[in-house]
Amino acid sequence: MILLVFGINHAYSQVENVPEGRQEGSMNGYLMIGINKVPETYDAGFSTYVAAWPLVKDYPGNSFQTGLLGTWMHPSYNGITKPDRKLYNDIEGGLGWWRDTRFATETPKFIMGGVALNFSAWANGPGAGKGRNWDKPNGKYGVAQLSPWVLWPPDGLNLKQGTNGELFGYGYLPLPLIKAKSTTAGKDVSTGNHSWTLFLNTENFKGPVAFFTPYFFSKPSVEEPELAGMFLDTRPAKPNKPIQMETQHIPSVQYTAPNGDIYARVAPTSFPSDAKGESMLMHQVTAYKKSALWDAVELWLDQDGPVASGTINTKGSVVHTFKGTAGSSWKIYPLNTPKDKRWPIDWKSIATPVALDATTFGYKWDEKLVKRMETKNGPLMALPEYYKLEKKANGKPHWVALHAQDVPSESGLDTLDFASTDAPSEPYLTPEETISSWKTPGPVAGPFKTKIGDGSTVTYYWYRFVDQPALLNADLTTAEREELQKRVVKLHREWTKEKAYLPAPKVGALANIDPALIVTPPAGMEAGYVPIVTKQGLEE
C-alpha cells in the first residue's frame with residue numbers, strides 16, 4: 001500500500017495512560033519485497049492480489065497511517081528523450097489507513113492514489129483527492145465513476161468488516177474511452193487517450209469501477225507545454241515496479257530504566273495466518289501488453305468492430321515470480337528524533353520472507369516471538385509488542401524483541417491503551433451552489449442514502465454518465481462528452497458485474513467489498529448512468 005503523505009509526519013494520537021517520564025513515539029518504515037523482472041514490452045498496466053487484514057488490534061486514531069503491500073506504477077520513457085528534470089507522476093494507492101481517513105475501523109480501505117506532476121494534485125477516487133477545499137480541487141475531479149453498480153465513498157472504498165487475510169484483487173489497465181486531443185484547456189498542447197481504469201476482482205464484485213481522466217495527468221503541461229506527452233495520459237507504464245509495504249506511523253511508547261536500559265512497546269500489530277501459521281501477503285503480480293485488453297476495446301469502440309468481452313486475454317500477460325527475499329527498514333523511536341538516531345528493529349529475528357510458491361509471497365515467523373492468535377474473524381499472527389535497545393556486534397543499536405515478562409514492571413508499558421479516543425469526524429460535503437458542476441446539469445435521480453460498514457452514511461444521486469462532476473471538469477467539449485456517453489452505454493450493456501475480467505487467483509479466497517456499496521440502477525438507468533456520492537457522515 002502506497003501512501004500520499006511524504007516524509008514521516010510526527011503528529012500522533014494520544015496514547016492512554018502513559019506514565020510520567022515515558023516518551024511517545026512511532027514505529028515506521030518499509031518492508032521491501034524481492035520480485036523478478038519481466039520484459040519491458042509488458043507496459044500496459046498490471047494487476048495483483050493483496051491480502052487484506054486488520055494490521056492493528058484496535059484502531060489507534062488518525063495519526064495511524066500505513067499501507068498493506070502495494071506498488072507504484074510510473075510511466076515508461078523507453079524510446080523517447082526525457083527532459084532532465086523531475087517528472088513524478090504515477091498511480092499508487094492501495095489498501096490501508098491514512099491520517100485524513102475520517103471513518104476508519106480496523107478493516108482497511110482502498111484508495112486509487114493517482115499523482116499528477118510532482119504532487120501538484122492527487123486523486124484518490126471519485127470526488128476524493130488532495131485536501132478538502134473544493135475551491136482548490138487539486139485532483140478531486142481527477143477520477144470518473146465508471147461502474148453503475150458500486151458506490152465510492154470519499155473516505156475510500158470499504159471492504160467488508162472483519163476481512164481477515166482474504167485476497168483483494170485489483171489492477172489498472174488503459175482503456176481508449178476518451179479520444180486523444182491536440183488542444184488542452186484552449187492551449188496548443190496535446191492530451192493522450194489513456195484512461196487508466198481500475199478493475200476489481202472480489203467475491204461480490206468484478207469489473208471496472210472508475211478511471212483517471214487523461215486531463216488529470218496532462219493538465220500541468222498547459223502551463224509547461226514542453227512536457228506534453230510525458231505523463232500517463234500518453235505514456236505506457238513501467239512493467240517492473242517496486243513491491244513494498246509502507247508504514248508511516250504505528251504508535252509506540254519508550255521507557256528508560258534507571259540503569260540506562262531502554263525499552264519500548266508498540267501498538268498490538270498482527271499479520272494474517274493460514275493453517276500453518278504462515279502469512280500469505282501477495283499473489284500473482286501480472287503485467288500486460290495492449291493485446292491483453294486495449295486492442296479489442298479499441299477495435300470495438302473506435303472501429304465498430306466485434307464486442308470486446310472485457311475479459312483480459314492472458315496471452316498478452318506475464319506473471320512476475322518472487323525471489324523469496326525481503327528487506328525491512330522498520331524503526332522505533334521517540335517523536336522528533338533525528339534521522340541518524342532512529343534505530344531499526346531486528347526484523348530478521350522475527351520474520352523470514354518466503355516465496356510460498358513461485359507467484360506468492362509471504363512470511364514465516366519465529367514461533368518463540370510471534371504467536372498465533374484466534375479472533376472472531378479467524379487467526380492472526382501477533383507480532384512482538386515489547387522491545388529492548390541493544391547493540392549489534394558492530395556497535396550500532398537495534399531493537400530486539402522481548403516477551404512482556406522480560407520488561408521491568410515499573411516501566412508501566414503494560415498499562416498502555418492504544419485504542420483511539422478521537423472525537424466523531426466531520427462529514428465530507430460536496431459543493432451545494434446551483435451553478436456548480438454538481439448541480440448543473442445535475443443529477444437525474446435521488447437523493448438516496450445507505451449506511452455502510454464503517455458506521456457512516458453516504459448520500460448519493462444518479463447522474464447521466466457524462467454529466468458527473470469529474471467529466472464536466474475533464475476539458476471535454478459537448479461533442480466529446482456525447483461520444484464518450486455512447487461508448488460507456490456500450491460498456492454498461494456488455495460488461496456486467498458478475499463476469500470475469502482479471503485473471504483469477506490460483507490460491508486463497510477472495511475478499512468482499514462492503515455489501516452496502518453495491519447498488520442497482522433505477523429502472524431505465526441501467527446503461528449510461530452512474531451513482532455519485534455527494535456526502536458522507538455520521539447519522540443517527
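All values below were derived from every heavy atom in this structure, side-chain atoms included, with hydrogens, water molecules and symmetry-related copies excluded. The first residue in the sequence is number 1, and the count goes up from there.
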* To do: Return yes if a side-chain donor-acceptor contact under 3.5 Å exists between E498 and T496, otherwise no.
  => yes
* Using 30° and 60° as the class limits, which term best fits the ring planes of H283 and Y49: parallel, tilted or perpendicular? -> tilted
* Heavy-atom check, side chain of M27 versus side chain of T247, under 4.5 Å -> no
* To do: Could you tell me whether a side-chain N or O of S195 sits under 3.5 Å from a main-chain N or O of P176, the two making a donor and an acceptor?
  => no
* Donor-acceptor contact present, side-chain W53 to main-chain S270, <3.5 Å -> yes
* To do: Classify the ring geometry between W294 and H194 as parallel (under 30°), tilted (30 to 60°) or perpendicular (over 60°).
  => perpendicular
* Asked: Within the side chain of D514, is there an N or O that forms a donor-acceptor pair under 3.5 Å with the backbone of G453?
  -> yes
* Asked: If you measure only the distance, is there a donor-acceptor pair under 3.5 Å linking the side chains of T105 and Q161?
  -> yes
* Asked: Should we count CG of D188 as having more than 12 external heavy atoms under 6.0 Å?
  -> no
* Asked: Side chain of N89, backbone of L87: donor and acceptor closer than 3.5 Å?
  -> yes
* Can you tell me how far the CG atom of L198 sits from the CD1 atom of I111, to the nearest 0.5 Å? -> 11.5 Å
* Check: N512 main-chain N/O paired with N204 side-chain donor or acceptor under 3.5 Å -> no
* Output yes when a side-chain donor or acceptor of T440 lies under 3.5 Å from a complementary backbone atom of S437, and no otherwise. => no
* Can you check whether F216 and W196 have ring centres sitting under 6.0 Å from each other? -> no
* Structure fact -> To the nearest 0.5 Å, atom CG of L146 lies from atom CH2 of W152 at 12.0 Å
* Positive for side chain to side chain contact (heavy atoms under 4.5 Å, CB included) with L151, one of L157, V519, I532 -> V519
* Heavy-atom distance under 4.5 Å between the side chains of P447 and Y460, does that happen here? -> no
* **NZ (K241) with more than 12 external heavy atoms under 6.0 Å** => yes
* Any side-chain heavy atom of T459 within less than 4.5 Å of one from V533? -> no
* Asked: For M73 and D90, what are the C-alpha separation, side-chain angles and deciding distance, and is it a side-chain contact (heavy atoms from CB on, under 4.5 Å)?
  -> CA-CA 5 Å; M73 188 182 77; D90 76 334; 5.6 Å; no
* Under 3.5 Å: donor-acceptor pair, side chain of T430, backbone of T534 -> yes
* To do: Determine yes or no for a side-chain-to-main-chain donor-acceptor pair under 3.5 angstrom, with E483 supplying the side chain and R481 the backbone.
  => no
* Structure fact -> Taken to the nearest 0.5 Å, the spacing of L173 CG from L502 CG works out to 7.0 Å
* Asked: Are side-chain N/O atoms of N377 and T375 paired as donor and acceptor at under 3.5 Å?
  -> no
* Are any side-chain N or O atoms of S182 and backbone N or O atoms of S190, one a donor and one an acceptor, separated by less than 3.5 Å? -> no
* Asked: How far apart are the C-alpha atoms of K486 and E482, what are their side-chain angles, what is the distance that settles it, and do they pass the salt bridge (charged side-chain N to carboxylate O under 4.0 Å, His left out) test?
  -> CA-CA 6 Å; K486 293 176 182 178; E482 291 306 314; over 6 Å; no
* Asked: Do R99's NZ or CZ and the ring of F64 fall within the cation-pi criteria of under 6.0 Å and 45°?
  -> no
* Straight-line distance of R487 CZ to W300 CH2, nearest 0.5 Å -> 10.5 Å
* Identify which one of Q485, K181, K179 satisfies the side-chain hydrogen bond (donor to acceptor under 3.5 Å, both in side chains) criterion when paired with E480. => K181
* What distance do T234 atom OG1 and N193 atom CG have between them, rounded to the nearest 0.5 Å? -> 7.5 Å
* Check the pair Y463, V444 against side-chain contact (heavy atoms from CB on, under 4.5 Å), reporting the backbone distance first and the verdict last. => CA-CA 6 Å; Y463 285 74; V444 294; 6.0 Å; no
Using atom types as modelled, flag every donor-acceptor pair under 3.5 Å from a side chain in residues 220-233 to any protein atom, sequence neighbours excluded.
unit_1, atom_1, unit_2, atom_2, d
S221, OG, S218, O, 2.5
E224, OE1, R85, NH1, 2.5
D233, OD2, G192, N, 2.7

* side-chain contact (heavy atoms from CB on, under 4.5 Å) evaluation trace for N124 with V143 -> CA-CA 8 Å; N124 291 338; V143 172; over 6 Å; no
* To do: Ignoring hydrogens and angles, state whether a donor on the side chain of K206 or N201 is under 3.5 Å from an acceptor on the partner side chain.
  => yes
* To do: State whether D475 and K219 are salt-bridged, where the test is any N-O pair (Lys NZ or Arg NE/NH1/NH2 against Asp/Glu carboxylate O) under 4.0 Å.
  => no
* Give a yes or no on whether the backbone of T457 and the side-chain of Q536 come within a donor-acceptor separation of less than 3.5 Å. => no
* To do: Could you tell me whether K497 and E203 make a salt bridge, using a distance below 4.0 angstrom between a side-chain N and a carboxylate O?
  => no
* Asked: Can you find a side-chain donor-acceptor pair between T191 and T184 that sits under 3.5 Å?
  -> yes
* Ion pair present between K490 and E494, side-chain N to carboxylate O less than 4.0 angstrom? -> no
* NZ (K57) with more than 12 external heavy atoms under 6.0 Å -> no
* **Neighbour count >12 (heavy atoms, 6.0 Å) for atom NZ, K238** => no
* **Check: F465 ring centre within less than 6.0 Å of Y529 ring centre** => no
* Asked: Are side-chain N/O atoms of S26 and N28 paired as donor and acceptor at under 3.5 Å?
  -> yes
* **Cationic N near anionic O, under 4.0 Å, D43 to K290** => no
* **Side-chain heavy-atom pair L510, P505 within 4.5 angstrom cut-off** => yes
* **Which residues share a side-chain contact (heavy atoms from CB on, under 4.5 Å) with R235, sequence neighbours left out** => P75, Y77, I80
* To do: Determine whether the aromatic ring centres of W495 and W149 lie less than 6.0 Å apart.
  => no
* To do: Start with the C-alpha gap between I513 and F168, add the side-chain angles, then the distance that decides, and say whether side-chain contact (heavy atoms from CB on, under 4.5 Å) holds.
  => CA-CA 9 Å; I513 64 172; F168 181 81; 4.1 Å; yes
* Should we count NZ of K160 as having more than 12 external heavy atoms under 6.0 Å? -> no
* Asked: Knowing that exactly one of Y501, Y170, Y288, Y172 qualifies, which makes a side-chain hydrogen bond (donor to acceptor under 3.5 Å, both in side chains) with S47?
  -> Y288
* Side-chain touch V266/P251, heavy atoms, less than 4.5 angstrom -> no
* Parallel under 30°, tilted from 30 to 60°, perpendicular over 60°: which one fits the rings of W134 and W438? -> perpendicular
* To do: Taking atom NZ of K499 as the centre, report whether more than 12 heavy atoms of other residues, nucleotides or ligands fall under 6.0 Å from it.
  => yes
* Working for salt bridge (charged side-chain N to carboxylate O under 4.0 Å, His left out), residues K451 and E539 -> CA-CA 9 Å; K451 188 171 183 178; E539 296 185 6; over 6 Å; no
* To do: Enumerate the residue pairs fulfilling salt bridge (Lys or Arg N to Asp or Glu O under 4.0 Å) with a member in residues 119-148, sequence neighbours excluded, ordered by first and then second residue.
  => D100-R132
